[in-house]
Amino acid sequence: MSALPLAVEDRTGHQRTSFRHWNAGDIPADGCNTRAEVLLAEAVVYPEIGPGCTPTGGTWWSYYDEREVTPARALDIDHMVPLAEAWDSGVSSWTAQRRETYANDRGQPASLVAVTARSNRSKADQDPAEWLPPTPDALCRYGAEWTATKLRWGLAVDEAERDRLFDIGAGCGGTDVEFTPAP
């Protein structure tokens with residue numbers, strides 16, 4: 001966490017439309033957009049795939065609130081570091097193409113996560129100083145994945161966010177933060 005740059009956040013100019021998300025995914029010819037790819041990758045019980053890469057059946061685990069979820073439409077795909085928070089943390093200076101790559105990042109599984117719609121909407125665009133998963137068992141994983149996503153993309157943290165990440169980390173002995181730098 002000490003490798004994360006510290007900066008004051010600035011939301012000036014942010015619009016969700018600045019991020020093209022749920023593009024054609026990693027294999028455009030298969031008809032599965034990024035959202036569908038995340039659902040298929042995270043299925044605990046693999047669904048049948050219908051027209052337009054629509055999953056039918058299947059089961060997922062929302063680790064934020066420890067809920068088994070079915071059907072897939074009950075899930076949101078959470079940007080681990082929400083788009084607005086990413087904007088605040090340095091993305092505002094990126095090209096539209098790089099923002100699209102960020103919004104559809106399948107290069108690190110923790111960047112996009114299938115969770116209950118309720119937990120994702122409760123989180124909204126908040127950072128860990130403002131929102132944490134309601135399940136205590138999720139905190140170490142969440143803190144590590146948040147930190148990994150910020151490090152992967154070279155994003156900054158503000159002081160309150162950094163302090164909360166340090167607080168979480170203090171209770172997570174042995175939890176590694178693993179990431180691959182974004183292309």
Side-chain angles (χ1 to χ4, degrees), residues 16-17 19-87 99-150 152-153 155 161 164-165 168-169 171-172 175-180 182:
R16 190 165 175 85
T17 56
F19 295 85
R20 180 174 177 248
H21 55 289
W22 310 158
N23 65 14
D26 288 342
I27 307 170
D30 71 2
C32 295
N33 67 15
T34 304
R35 174 186 163 71
E37 287 178 352
V38 172
L39 289 171
L40 296 175
E42 292 192 14
V44 176
V45 174
Y46 204 78
E48 291 184 34
I49 308 303
C53 198
T54 303
T56 303
T59 305
W60 290 265
W61 180 253
S62 173
Y63 89 86
Y64 289 3
D65 47 4
E66 293 186 333
R67 300 249 189 259
E68 188 175 274
V69 181
T70 193
R73 69 179 176 272
L75 294 159
D76 280 355
I77 305 304
D78 182 35
H79 291 89
M80 177 56 61
V81 175
L83 302 178
E85 170 65 23
W87 184 271
R99 288 192 303 269
E100 179 179 348
T101 301
Y102 175 82
N104 294 279
D105 184 14
R106 297 279 298 125
Q108 179 169 289
S111 293
L112 297 170
V113 133
V115 297
T116 61
R118 173 185 284 177
S119 64
N120 186 47
R121 292 167 193 176
S122 169
K123 175 183 173 182
D125 61 3
Q126 299 176 90
D127 71 28
E130 303 158 326
W131 184 91
L132 290 170
T135 304
D137 289 345
L139 293 181
C140 292
R141 177 178 172 185
Y142 186 80
E145 289 179 352
W146 181 278
T147 302
T149 302
K150 286 266 183 154
R152 173 172 169 74
W153 289 96
L155 300 175
E161 177 184 357
R164 178 61 63 91
L165 290 169
I168 293 167
C172 298
T175 300
D176 293 327
V177 173
E178 297 178 14
F179 71 98
T180 303

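Quick note: numbers below take in every heavy atom, side chains included, and nothing from hydrogens, waters or symmetry partners.
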**Message:** Between Asp105 and Arg152, is the side-chain contact (heavy atoms from CB on, under 4.5 Å) condition met? List the steps.
**Reply:** CA-CA 10 Å; Asp105 184 14; Arg152 173 172 169 74; 2.7 Å; yes
**Request:** Write down the atom of Thr149, the atom of Ala110, and the distance for their closest heavy-atom approach.
**Result:** OG1-O, 4.1 Å
**Prompt:** Any donor-acceptor pair under 3.5 Å linking the side chain of Asp176 with the backbone of Glu178?
**Reply:** no
**Prompt:** Would you say the side chain of Trp146 lies within less than 4.5 Å of the side chain of Ile168, judging by non-hydrogen atoms?
**Reply:** no
**Message:** Could you report the tightest heavy-atom contact between Glu37 and Asp26, atom names first, then the distance?
**Reply:** OE2-N, 2.7 Å
**Prompt:** Using the ring of each side chain (for Trp, its six-membered ring), is Trp153 parallel, tilted or perpendicular to Tyr102, with breaks at 30° and 60°?
**Reply:** perpendicular
**Crowding at CZ, Arg73 (>12 non-hydrogen neighbours, <6.0 Å)** = no
**Request:** Look at the side chain of Trp60 and the backbone N and O of Leu39, then say whether any donor-acceptor pair between them is shorter than 3.5 Å.
**Result:** yes
**Asked** Any ion pair linking Lys123 and Asp78 (charged N to carboxylate O, less than 4.0 Å)?
**Response** yes
**Complete:** Minimal heavy-atom distance between Ala144 and Val177, with the atoms involved, is O-CG1, 3.8 Å
**Request:** Using only heavy-atom distances, determine whether the side chains of Trp87 and Asp125 contain a donor-acceptor pair under 3.5 Å.
**Result:** no
**Prompt:** If you take all heavy atoms of Pro128 and Tyr142, which pair is closest and at what distance?
**Reply:** CG-CE2, 4.3 Å
**Asked** Just how far is it from atom CD1 of Ile27 to atom SG of Cys32, taken to the nearest 0.5 Å?
**Response** 8.0 Å
**Prompt:** Would you find a donor on one side and an acceptor on the other, under 3.5 Å apart, between the side chain of Ser122 and the backbone of Arg118?
**Reply:** no
**Request:** Kindly indicate, with the supporting measurements, whether the criterion side-chain contact (heavy atoms from CB on, under 4.5 Å) is fulfilled by Asn120 and Ser62.
**Result:** CA-CA 10 Å; Asn120 186 47; Ser62 173; over 6 Å; no
**Item:** Sidechain-backbone polar pair: Thr54 side chain, Pro51 backbone, donor-acceptor under 3.5 Å
**Value:** yes
**Asked** How many angstroms lie between OH in Tyr46 and CG in Leu40, if you round to the nearest 0.5 Å?
**Response** 4.0 Å
**Request:** Sequence neighbours left out, what passes salt bridge (charged side-chain N to carboxylate O under 4.0 Å, His left out) with Arg16? Give chain and number order.
**Result:** none
**Complete:** When every non-hydrogen atom of Ala41 is compared with those of Arg106, the smallest separation belongs to CB-NH2, 3.5 Å
**Asked** Can Val44 and Glu68 be said to form a side-chain contact (heavy atoms from CB on, under 4.5 Å), step by step?
**Response** CA-CA 9 Å; Val44 176; Glu68 188 175 274; over 6 Å; no
**Asked** Which heavy atom in Glu66 sits nearest to a heavy atom in Thr135, and how many Å separate them?
**Response** CD-CG2, 3.1 Å
**Message:** Working note: Met80 + Leu112, criterion side-chain contact (heavy atoms from CB on, under 4.5 Å); need CA distance, chi angles, decisive distance, verdict.
**Reply:** CA-CA 6 Å; Met80 177 56 61; Leu112 297 170; over 6 Å; no
**Message:** Measuring only between side-chain heavy atoms, which start at C-beta, is Pro133 closer than 4.5 Å to Asp65?
**Reply:** no
**Message:** Distance check, rounded to the nearest 0.5 Å: Arg99 atom CZ versus Arg20 atom CZ?
**Reply:** 13.0 Å
**Fill in**
The reported gap from CG in Leu83 to NE2 in His21 (rounded to nearest 0.5 angstrom) is 6.0 Å
**Item:** Atom pair CG (Asp127) and CZ (Arg164), whose distance is rounded to the nearest 0.5 Å
**Value:** 9.0 Å
**Request:** Mind checking the NE2-CG spacing from His79 to Asn104? Nearest 0.5 Å is all I need.
**Result:** 6.5 Å
**Request:** Answer yes or no: are there more than 12 heavy-atom neighbours, outside Glu130 itself, under 6.0 Å from its atom CD?
**Result:** yes
